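Beneath this line is the structure, given in structure tokens, with notes to follow.
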Amino acid sequence: MGARVVYNIPIGLHANLSEGFPVCTELKQNSSLINGQGVFHGKMGIRKMLSQGLLDMSEVRKELCAQIKLFCELTGINPQHMDSHQHVHVLPGIREVFAQVLEEHRIHFTRIPVELGLHRCTWLPDTLMEFYKGVEEDALNAIEVFRSHRIRWPELYIGLSTMGKNMSTYNIQEAIRYGVCSWQSTIATLPDITNSVSIELMTHPGYPSIPEDGGCGEGPDDFSQSLDRLHELEVLKSTSLQSFFLGNGVQLCTFRDL
């Protein structure tokens, strides 16, 4: 009989509806969530299917619930927070189902991928910037949906401008400074608002995936096979980033600390 090793690492669920195979057994065949090869439609494919009204939201619900169930079986705990791969949880139609599922499973936190100051990031390719702007528009439209189900999120989000090779201590510093200054100017006239602000920094630390072993069924994508995850790991471990945090009163915390 095997024993579960508990590391007490605060973890959440990064739900996946766009890459690889479904977790829910009954959705592995004849499902609106998969293509002719039996895998999810992909980052842009799921958005196309959604815009054409071809996604069955009852199947979205089943798959999200199946992933939460598997998470609990593997970890022995409920997710502290839940977001999604490629930000599909803020898409119209999906966000309503996502919010209902979180409330039913008592998952109180999610992600709102809106990065203040994204417009200033001239190093981002036009195609990527266009995608990010679409993500932010969907995220802003998801706010009231999530609020109606008593779901919370940090005040600020950073990660679109600092992903992969674009992550550096300098870029993180600038994203935090711009976001905090913008947030403080917004709440300056409001009474009884604390000066502290919570920030989610989206990261992808790790190591290059092996083509034969990685991925979610189709093999790892280009980002996973690149050195970008390792680069993020090195930046996050760097003394320069730690010094910036210490010198500017940045306290690392988890969602349960909010």
Side-chain angles (χ1 to χ4, degrees), residues 2-28 31-33 40 46 50 55-115 135-136 138-159 192-194 196-205 216 251-258:
R4 178 184 289 121
V5 178
V6 179
Y7 293 101
N8 293 319
I9 299 174
I11 54 177
L13 175 57
H14 192 58
N16 174 31
L17 297 173
S18 59
E19 183 181 355
F21 298 111
V23 168
C24 182
T25 303
E26 65 180 277
L27 299 180
K28 293 181 182 293
S31 164
S32 68
L33 300 183
F40 290 132
I46 188 174
L50 187 63
L55 285 187
D56 185 336
M57 290 304 153
S58 68
E59 294 179 345
V60 170
R61 167 182 282 276
K62 287 180 181 178
E63 179 60 20
L64 292 174
C65 290
Q67 292 187 23
I68 294 172
K69 182 175 182 290
L70 180 58
F71 179 98
C72 294
E73 290 173 353
L74 293 173
T75 66
I77 59 174
N78 207 42
Q80 286 192 15
H81 61 279
M82 182 167 161
D83 49 48
S84 69
H85 188 43
Q86 298 168 339
H87 311 292
V88 300
H89 69 292
V90 298
L91 292 173
I94 293 178
R95 58 189 174 224
E96 288 80 8
V97 175
F98 185 87
Q100 292 167 9
V101 169
L102 263 63
E103 184 176 32
E104 291 166 6
H105 288 80
R106 298 182 180 180
I107 302 171
H108 304 298
F109 293 95
T110 190
R111 167 182 292 163
I112 294 292
V114 175
E115 181 172 336
V135 168
E136 291 200 335
D138 289 328
L140 289 171
N141 289 329
I143 287 177
E144 289 307 316
V145 175
F146 292 158
R147 279 179 177 161
S148 70
H149 290 273
R150 294 175 292 183
I151 299 168
R152 299 168 55 198
W153 53 90
E155 283 96 352
L156 296 177
Y157 163 86
I158 294 169
D192 302 323
I193 297 291
T194 177
S196 64
V197 56
S198 58
I199 305 171
E200 178 186 5
L201 173 60
M202 181 183 74
T203 63
H204 310 78
C216 305
Q251 179 180 350
L252 302 182
C253 65
T254 68
F255 278 89
R256 66 186 175 195
D257 297 322
L258 300 181

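What you see is a predicted model; the values in this text were computed from it and never measured.
Between the CZ atom of Arg95 and the CD1 atom of Ile143 there is a distance of 10.5 Å, given to the nearest 0.5 Å. Here the CG-CZ distance, from Leu17 to Phe40, works out to 5.5 Å after rounding to the nearest 0.5 Å. Expressed to the nearest 0.5 Å, how far CG of Leu201 lies from CD1 of Ile199 amounts to 8.5 Å. Distance check: Gln80 CD to Leu258 CG gives 9.5 Å after rounding to the nearest 0.5 Å. Between atom CD1 of residue Ile68 and atom CD1 of residue Ile107 there is a gap of 4.0 Å, rounded to the nearest 0.5 Å. Here the straight-line distance linking atom CZ of Phe21 with atom NZ of Lys28 works out to 7.5 Å at 0.5 Å rounding.
For the salt bridge (charged side-chain N to carboxylate O under 4.0 Å, His left out) test, residues two or more places apart in sequence or in another chain that qualify with Arg147 are Glu144. Here His85 pairs with His14, Asn16, Ser18, Glu19 under the side-chain contact (heavy atoms from CB on, under 4.5 Å) rule; sequence neighbours left out. With sequence neighbours left out, Arg61 forms a side chain to side chain donor-acceptor pair (under 3.5 Å) with Gln100, Glu104. In terms of the side chain to side chain donor-acceptor pair (under 3.5 Å) criterion, residue partners of Arg150 (sequence neighbours excluded) are, by chain and number, Glu103. Legend: residues meeting side-chain contact (heavy atoms from CB on, under 4.5 Å) with Ile77, ordered by chain and number and at least two apart, are Ile11, Phe71, Thr75.
Using a 4.5 Å heavy-atom cutoff, the side chains of Leu13 and Gln67 are in contact. Residues Val23 and Lys69 are not in side-chain contact: their nearest non-hydrogen atoms beyond the backbone lie 4.5 Å or more apart. Side-chain contact check for Leu50 versus Met57: some heavy-atom pair is nearer than 4.5 Å.
Under the 3.5 Å distance criterion, the side-chain polar atoms of Asn141 are left unmatched by any main-chain donor or acceptor of Pro92. No side-chain donor-acceptor contact under 3.5 Å links Asp138 to the backbone of Val135. The main-chain N or O of Met82 is found under 3.5 Å from a side-chain atom of Thr110 such that the two form a donor-acceptor pair. With Glu155 contributing its side chain and Ser198 its backbone, the two residues share a donor-acceptor pair below 3.5 Å.
The two residues Val90 and Pro113 come nearest to each other via the heavy atoms CG1-CD, 4.0 Å. Counting all heavy atoms, side chain and backbone alike, Pro22 lies closest to Leu27 at CG-O, 3.7 Å.
Checked against His81 for a ring pair (Phe, Tyr, Trp, His ring centres under 6.0 Å), the options Trp153, Phe255, Phe109 give a single hit: Phe255. Here the options are Lys62, Glu63, Glu59, the test is side chain to side chain donor-acceptor pair (under 3.5 Å), and the partner is Ser31; only Glu59 passes.
Residue pairs meeting the salt bridge (charged side-chain N to carboxylate O under 4.0 Å, His left out) criterion with at least one partner in residues 79-94, sequence neighbours excluded, are Asp83-Arg111.
Note on ring orientation: taking the six-membered ring where Trp is involved, the planes of Phe98 and Phe146 are tilted (angle from 30° to 60°).
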